[in-house]
Amino acid sequence: MASQDWMTKDFYAVLGVAKDADSAAIKKAYRKLAKQYHPDRNPDDAVAAERFKEVGEAYAVLSDPKEREQYDAIRNMTGGGARFTAGGTGGGGGFEDILSSMFGGGGNVRFSTGGAGGAGGAEPDLDELLRMFGGTPSPTRKNGRPGAFNFGGFGGFGGTPEATKGPDVLTSATLSLRDAVAGTTVELTADKRTMTVRIPAGVHDGQKIRLSGKGRPGNHGGPNGDMIVTISVAKHPVYSIDGANLRMDLPVSLAEAALGADVEVPLLDGTTKKVRIKPGTPSGTVMRISGAGIATTKRTGDLLVTIEVAVPKKLSKAAKKALQDFDAAMEGTDPRATLRDEAAR
């Protein structure tokens, strides 16, 4: 956006903040409005799209301390609405007219570029004036007239605009647990564009992936912004992700837990692994199968197996009688014998 447009656009009003708002207030206002008017929330809404663009322009200037200082200087000098036009008679006020009003002149004031000039050196020195506002005079002259002046301190007004990175684009992707573990390629639609994106192996629920250069185009030749993808992993009936590890619950019978047993554990790749349940293994015990977790570029995780003693919901008469006989055989054994004392500690 040209710096000349700064004279007619009130970026503080666009974001709904005061002119003395700090950077935190400006950022908060921008995030709220950008979310409200984002194209993904307002598809095919031209008004919302234009508002989103205006909010982005305002934030790009007010979030940069140098740009904001330059913007404020221009707005203050022009009264917040005038444009610089060519000097002369008739029409709107030119640059010289604006400076004339600043220095108390009754009409157009002519400026020199080399110290005192005119009658008794009464004319203001434009070189010094430009330096007051961060500009630098050009020594070049053509046809006996002063050369151009570089208002570098006004965000590139009359000079070269600064290249800035384009805005980031936010989107999301939902993966199956198997795709999250192995990595996959998905098609994402964001900012009215559809692109194919590679998701690396080992992502987890809630993770954010930054895809460099996949955002909106930069300004004045600056680099593209990035795409930020928030990952959601669908729930699996057996496995869950814990960093580079996988977790699962392994149901075992009361007899297997009490007497011990060799049990087959299903792995994510479709194979199985036999594990030994030791006699007297309580429910909640965690066993580790090394190397059966998630393989990433950094390491390969494990499968953490939590033993869960399965309690039958329905019992046959024979099973019920067997348990009653078992309980009688265990007479004198109280699993809660020390619980009260331990709770009182």
Side-chain angles (χ1 to χ4, degrees), residues 1 14-15 26-64 163-248 268-270 293-301:
M1 179 178 60
V14 171
L15 295 182
I26 290 173
K27 180 182 289 187
K28 180 179 180 181
Y30 165 71
R31 287 180 174 177
K32 177 181 178 181
L33 293 173
K35 183 177 181 181
Q36 178 180 350
Y37 294 106
H38 196 281
D40 289 348
R41 288 194 168 192
N42 304 273
D44 302 321
D45 188 335
V47 175
E50 181 62 26
R51 188 78 173 91
F52 183 80
K53 178 181 178 182
E54 291 175 353
V55 168
E57 290 175 347
Y59 181 69
V61 174
L62 298 186
S63 63
D64 186 311
T164 57
K165 183 180 178 180
D168 292 340
V169 172
L170 306 180
T171 188
S172 61
T174 299
L175 309 179
S176 68
L177 183 136
R178 291 184 179 277
D179 284 342
V181 169
T184 187
T185 300
V186 297
E187 279 197 353
L188 298 177
T189 300
D191 208 21
K192 298 183 178 180
R193 293 179 299 157
T194 299
M195 63 189 73
T196 301
V197 174
R198 176 66 186 174
I199 304 297
V203 295
H204 57 79
D205 190 66
Q207 182 174 346
K208 296 182 184 296
I209 298 177
R210 181 179 293 271
L211 304 175
S212 179
K214 299 294 186 180
R216 292 188 174 181
N219 299 315
H220 309 302
N224 289 356
D226 302 332
M227 175 180 286
I228 311 298
V229 184
T230 300
I231 300 297
S232 296
V233 179
K235 188 174 181 180
H236 191 275
V238 173
Y239 304 102
S240 62
I241 296 175
D242 182 5
N245 299 324
L246 289 175
R247 286 186 175 274
M248 67 169 289
L268 187 65
D269 63 5
I294 302 171
T296 68
T297 55
K298 296 182 179 180
R299 68 188 182 98
T300 298

Residues forming a ring-ring contact (aromatic ring centres under 6.0 Å, His included) with H204, sequence neighbours excluded:
none
Restricting to ring-ring contact (aromatic ring centres under 6.0 Å, His included), what partner residues turn up for Y37, sequence neighbours left out?
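Per chain and number, Y37 pairs via ring-ring contact (aromatic ring centres under 6.0 Å, His included) with no residue.
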Can I get a per-line list of side-chain donor-acceptor pairs under 3.5 Å for residues 239-247, giving both atom names and the distance, sequence neighbours left out?
{"from": "Y239", "atom 1": "OH", "to": "P266", "atom 2": "O", "distance (Å)": "2.7"}
{"from": "Y239", "atom 1": "OH", "to": "L267", "atom 2": "O", "distance (Å)": "3.3"}
{"from": "Y239", "atom 1": "OH", "to": "L268", "atom 2": "N", "distance (Å)": "3.4"}
{"from": "D242", "atom 1": "OD2", "to": "R247", "atom 2": "NE", "distance (Å)": "2.9"}
{"from": "D242", "atom 1": "OD2", "to": "R247", "atom 2": "NH2", "distance (Å)": "3.4"}
{"from": "N245", "atom 1": "OD1", "to": "D302", "atom 2": "N", "distance (Å)": "2.8"}

For [range], which residue pairs pass the salt bridge (Lys or Arg N to Asp or Glu O under 4.0 Å) check, not counting sequence neighbours?
| range | result |
| --- | --- |
| residues 201-221 | D168-R210, D191-R216, R210-D226 |
| residues 227-237 | none |
| residues 29-39 | none |
| residues 171-182 | none |

Result block: side-chain N/O donor-acceptor pairs under 3.5 angstrom for residues 45-55, not counting sequence neighbours:
{"from": "D45", "atom 1": "OD1", "to": "V47", "atom 2": "N", "distance (Å)": "3.1"}
{"from": "D45", "atom 1": "OD1", "to": "A48", "atom 2": "N", "distance (Å)": "3.1"}
{"from": "R51", "atom 1": "NH1", "to": "V14", "atom 2": "O", "distance (Å)": "3.4"}
{"from": "R51", "atom 1": "NH2", "to": "V14", "atom 2": "O", "distance (Å)": "3.2"}

Could you grab the distance from atom OG1 of T184 to atom CD1 of I199, nearest 0.5 Å is fine?
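Answer rounded to 0.5 Å: 8.0 Å.
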To the nearest 0.5 Å, what is the distance between CD1 (I228) and CG (L211)?
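Here the interatomic distance stands at 7.5 Å.
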What residues, two or more places apart in sequence or in another chain, satisfy side chain to side chain donor-acceptor pair (under 3.5 Å) together with T171?
none
Test of understanding: with side chain to side chain donor-acceptor pair (under 3.5 Å), list the residues that count as partners of T194, not counting sequence neighbours.
T189
Which atom pair, heavy atoms only, marks the closest approach of [X] to [Y]?
| X | Y | result |
| --- | --- | --- |
| Y59 | I26 | CD1-CG2, 3.9 Å |
| P217 | P167 | O-CD, 4.0 Å |
| A295 | A201 | O-CB, 4.0 Å |
| S176 | A234 | CA-CB, 4.5 Å |
| V233 | A180 | CG2-CB, 3.9 Å |
| I294 | G202 | CG2-CA, 3.7 Å |

May I ask you to check whether over 12 heavy atoms, not counting those of K165, lie within 6.0 Å of atom NZ?
yes
Decide side-chain contact (heavy atoms from CB on, under 4.5 Å) for L170 and T230; before the verdict, give the C-alpha distance in whole Å, the side-chain angles of both, and the deciding distance to 0.1 Å.
CA-CA 8 Å; L170 306 180; T230 300; over 6 Å; no
Residues which pass side-chain contact (heavy atoms from CB on, under 4.5 Å) with T297, listed by chain and number, not counting sequence neighbours
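side-chain contact (heavy atoms from CB on, under 4.5 Å) check on T297 returns nothing, list empty.
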I'd like to check the side-chain contact (heavy atoms from CB on, under 4.5 Å) partners of P200; sequence neighbours left out, ordered by chain and number.
V203, I209
